[in-house]
Amino acid sequence: MAQKPSIPKGTRDFSPAEVAKRNFIIGTIKEQFELFGFQPIETPSFENSETLLGKYGEEGDRLIFKILNSGDFISKVDDVTYSSKKSSSLAPKITEKALRYDLTVPFARYVVMHQNEIDFPFKRYQIQPVWRADRPQKGRFREFYQCDADIVGANSLLQEVELVQLYDAVFTNLGLEGTIVKMNNRKVLSGIAEVIGAKQLLVDFTVALDKLDKIGEDKVKEEMLSKGISESAITKAAPLFAMAGSATEQLEQLETLLQDSEMGMAGIHELKKILTTVEELGLKSAKLQLDVTLARGLNYYTGAIFEVSAPNGVTMGSIGGGGRYDDLTGIFGLKDVSGVGISFGLDRIYLVLEELNLFPKAVDQSLQVLCLNFGQKEALAALKLVSKLREQGIKADLYPSATKVQKQFKYADKRNVPFVIIIGAEELARNEFILKDMASGGQKSCSLDDNPSSFF
RNA sequence: GUGGUUGUAGCUCAGUUGGUUAGAGUGCUUGAUUGUGGUUCAAGAGGUCGCCGGUUCGAACCCGGUCUUCCACCCCA
């Protein structure tokens, strides 16, 4: 019996129009990546589980899609593990592979494996799908694309500056103006935790602080208390909740708070350097903002952290993120290689462009001219014309059968074809064709001998 | 992973305290118009009411399970 087909939770099919729009975004990103000197690589869809596990924190591990071993995998499990019925101990023994969760960790693995072939500093970009066993929501899928650009083997803060410019260039070229690149520094967060005496609870502290503009000061303090951060520590952190003014003013307030923390001051210094350099160079459409509450969850970041929000008025999670990680390759045995990178969330950018109606009008135009078919003889002449047009890079096609003209016009209309060419018996006799502009409805006769592309 | 929400024609949605052949708009096909689309008019096709089970003489409607959607957490692109 035929069953109704379906696709798994959090996955999608893409229609021709959707693919065209996605390609527009990918093309723009790729173009800018290459203009900035990044080189493309690709890595497998799945990695060995041990490569991925433990890199994204406990929460991340839970969201990694694990791939069941092949063969008679259950018989190879020892009786104790098998009868314990604990997924956490059984899973590693029957799932030795897992779908990649992001592009950064596989990249770190790539760098370590190919360290002898790579010319450092290495600037690579990668545009591939990733998978997360998350519960889907709007702008949140189980299969989605990331577009990453990373630089490894360079400590200079100019890399951070360049990545901010890259964000600006991509979003400007996509026509998405007013994006906000929020920046913070992991060292500043560590410094704060140190100064207030909550060094051990850094992660809990930053996760709570991150929610400030979402749930408000009182709720954040409540959460901090419940995580075991003392009342006095929270009081010491009070200036954070009242942070205001320009970036320079905020940095001054931070300096007072962090004057006793070497690490904190180092973070401030980095932020200053990046901010002033970006200011000097200028941005086209994006805004770079300092946000001390920004605390990206991934624990491999060590320096600057970035997150990009859509322009005001669009409700969408971050459409990009990144930061510096000083020791990601260390996990795989390559020490002292600093990396910094950013990621673009293709699927979310798509939703934002769609919501703001920013896709170019012709982006999904799959055909520029359709020749109508009036029978064998006329069609042959039309095919000759179509070939000429195609040679000149014009997307042209001939309607395959000589059905009713009305039907052929309707097809052209539905395909959103801007021009229709008519070559019937009369036109053929006069060695002409009629070019009709579908939007205006106007039409004119042209000679079949002339260069057809001159009519568009 | 926790709590909630949604599912009826290709699409957007109605649907009476459970009662014969489940509706609308839009889209689709055909004709008015045998060489002119987007407007109009007429006719027609299209649905195992997400899926499985239960209650009932009888279920789109009530109950249970399951899948899916979206939302809030969690986390994140």
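Just so it is clear, the values below take in all heavy atoms, side chains as well, and ignore hydrogens, waters and symmetry mates. In the text below, chain A, chain B and the rest are named by the order of the sequence lines, each starting its count at 1. Just so it is clear, the model here is predicted, and its values are computed rather than measured.
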Asks: Does A:Lys410 put a side-chain nitrogen or oxygen below 4.0 Å from OP1 or OP2 of B:rU36?
Replies: no
Asks: Take atom CG of A:Asp150 and atom P of B:rA77, then tell me their distance rounded to the nearest Å.
Replies: 13 Å
Asks: May I ask you to say what A:Ile349 touches in the nucleic acid, namely base, sugar-phosphate or nothing, with a heavy-atom cut-off under 4.0 Å?
Replies: nothing
Asks: Of A:Met438, A:Gln365, A:Lys436, which is the lone residue that meets side-chain contact (heavy atoms from CB on, under 4.5 Å) with A:Pro418?
Replies: A:Gln365
Asks: Write down the distance separating the P atoms in B:rG4 and B:rG64, rounded off to the nearest Å.
Replies: 12 Å
Asks: Starting from the C-alpha separation in whole Å, work towards a yes-or-no answer on salt bridge (charged side-chain N to carboxylate O under 4.0 Å, His left out) for A:Asp150 and A:Lys123.
Replies: CA-CA 6 Å; A:Asp150 290 76; A:Lys123 298 176 80 170; over 6 Å; no
Asks: Rounded to whole Å, please give me the gap between CG in A:Asn373 and P in B:rU36.
Replies: 16 Å
Asks: Using the rule given for salt bridge (charged side-chain N to carboxylate O under 4.0 Å, His left out), can you reason through A:Lys444 versus A:Asp437, listing the C-alpha separation, both sets of side-chain angles and the distance that settles it, and then say yes or no?
Replies: CA-CA 9 Å; A:Lys444 59 179 176 184; A:Asp437 181 335; over 6 Å; no
Asks: Looking across every strand, which nucleic acid part, if any, lies under 4.0 Å from A:Gly139 by heavy atom: base, sugar-phosphate, or nothing?
Replies: base
Asks: For the residue pair A:Phe33 and A:Tyr125, is the inter-centroid distance of their aromatic rings smaller than 6.0 Å?
Replies: yes
Asks: So if I apply the side-chain contact (heavy atoms from CB on, under 4.5 Å) rule between A:Met183 and each of A:Leu288, A:Ile305, A:Leu294, A:Asp291, which one comes out positive?
Replies: A:Leu288
Asks: If you check the A:Arg348 side chain, which of B:rC76, B:rC73, B:rC74 turns out closest?
Replies: B:rC76
Asks: Please give, in whole Å, the distance from B:rU36 P to A:Phe374 CZ?
Replies: 9 Å
Asks: Please state the P separation for the pair B:rC67 and B:rG58 - nearest whole angstrom.
Replies: 29 Å
Asks: When you look at NZ of A:Lys395, are more than 12 heavy atoms from neighbouring residues, nucleotides or ligands closer to it than 6.0 Å?
Replies: yes
Asks: Under a 3.5 Å cut-off for both contacts, is B:rC73 paired Watson-Crick or G-U wobble with anything, and if yes, with which nucleotide?
Replies: B:rG1
Asks: B:rC76, B:rC28, B:rG37: which one has an atom nearest the side-chain heavy atoms of A:Met438?
Replies: B:rG37
Asks: Any idea which of B:rC74, B:rC75, B:rU69 is nearest the A:Lys9 side chain?
Replies: B:rU69
Asks: Categorize A:Ile422 for me: base, sugar-phosphate, or nothing, with a 4.0 angstrom heavy-atom threshold over every strand shown.
Replies: base
Asks: Would you measure the distance from the C1' atom in B:rU56 across to the matching atom in B:rC62 and give it in whole Å?
Replies: 10 Å
Asks: Who does B:rA42 pair with, Watson-Crick or G-U, both distances under 3.5 Å?
Replies: B:rU30
Asks: Just call it for A:Gly441: base, sugar-phosphate, or nothing, with non-hydrogen atoms closer than 4.0 Å on any strand.
Replies: base
Asks: For A:Tyr411 and for A:Val308, locate the closest nucleotide of RNA chain B by heavy-atom distance; then report the residue assigned to the nucleotide nearer the 5' terminus.
Replies: A:Tyr411
Asks: With both distances under 3.5 Å as the test, what is the Watson-Crick or G-U wobble partner of B:rA60?
Replies: none
Asks: Heavy atom of residues 318-332 of chain A under 4.0 Å from RNA chain B: which residues?
Replies: A:Ser318, A:Ile319, A:Gly320
Asks: What is the pairing partner of B:rU20, taking Watson-Crick or G-U wobble pairs with both distances under 3.5 Å in any strand?
Replies: none
Asks: So what does A:Lys436 touch, heavy atoms closer than 4.0 Å: a base, only the sugar-phosphate, or nothing?
Replies: base
Asks: Quick check: are there more than 12 heavy atoms from other residues, nucleotides or ligands sitting under 6.0 Å from CG of A:Asp449?
Replies: yes
Asks: Using whole Å, what does the distance between atom P of nucleotide B:rG35 and atom CD of A:Gln443 come to?
Replies: 15 Å
Asks: For the pair made of CG in A:Asn416 and P in B:rG37, what is the distance, rounded to whole Å?
Replies: 17 Å
Asks: Contact class for A:Gly442 (heavy atom, under 4.0 Å): base, sugar-phosphate, or nothing?
Replies: nothing
Asks: Figure out the CZ/P separation between A:Phe141 and B:rU69, and round it to whole Å.
Replies: 10 Å
Asks: Over all heavy atoms of both residues, which pair between A:Lys187 and A:Gly267 is shortest? Give the atoms and the distance, please.
Replies: CB-CA, 3.8 Å
Asks: From the options B:rU29, B:rU36, B:rC75, select the nucleotide whose nearest atom is closest to the side chain of A:Lys414.
Replies: B:rU29
Asks: Planes under 30° and centres closer than 5.5 Å, is that true for A:Phe344 with the base of B:rA77?
Replies: no
Asks: Using the P atoms only, state how far B:rA22 lies from B:rG47, rounded to an integer number of Å.
Replies: 12 Å
Asks: Between A:Arg132 (side chain) and A:Arg142 (backbone), is there a donor-acceptor pair under 3.5 Å?
Replies: no
Asks: Rounded to whole angstroms, how far apart are OH on A:Tyr301 and P on B:rA77?
Replies: 7 Å
Asks: Could you tell me how far B:rA72 sits from B:rU8 if I compare only their C1' atoms? Round to whole Å.
Replies: 28 Å
Asks: Name the residue closer to the 5' end of RNA chain B, choosing between A:Lys404 and A:Phe144 according to the nucleotide with the nearest heavy atom.
Replies: A:Lys404
Asks: Could you work out the separation of B:rC52 and B:rA9 based on their P atoms and round it to a whole Å?
Replies: 16 Å
Asks: So what does A:Gln137 touch, heavy atoms closer than 4.0 Å: a base, only the sugar-phosphate, or nothing?
Replies: base
Asks: Could you tell me whether A:Glu427 contacts a base, only the sugar-phosphate backbone, or nothing, with contacts defined as non-hydrogen atoms closer than 4.0 Å?
Replies: base
Asks: Please examine the side chains of A:Ile421 and A:Ile434, heavy atoms only from C-beta on, and report whether any two atoms are closer than 4.5 Å.
Replies: no
Asks: From the list B:rC75, B:rC71, B:rG35, which nucleotide is the closest neighbour of the side chain of A:Glu59?
Replies: B:rC75
Asks: When you compare B:rC61 with B:rU17, how far apart are their C1' atoms, in angstrom units rounded to a whole number?
Replies: 11 Å
Asks: Nearest-Å distance, NZ (A:Lys211) to C1' (B:rC74)?
Replies: 8 Å
Asks: Have a look at A:Phe344 and tell me which of A:Phe144, A:Tyr167, A:Tyr145, A:Tyr350 forms a ring pair (Phe, Tyr, Trp, His ring centres under 6.0 Å) with it.
Replies: A:Tyr167
Asks: What distance, rounded to whole Å, do you find between the two P atoms, one in B:rG10 and one in B:rG27?
Replies: 16 Å
Asks: Given B:rU36, B:rC73, B:rG3, identify the nucleotide with an atom nearest to the side chain of A:Arg135.
Replies: B:rG3
Asks: With respect to the side chain of A:Asp134, which nucleotide from B:rC70, B:rG35, B:rC75 is positioned closest?
Replies: B:rC75
Asks: Classify the side chain of A:Asp413 versus the base of B:rG38 as yes if they form a donor-acceptor pair under 3.5 Å and no if they do not.
Replies: no
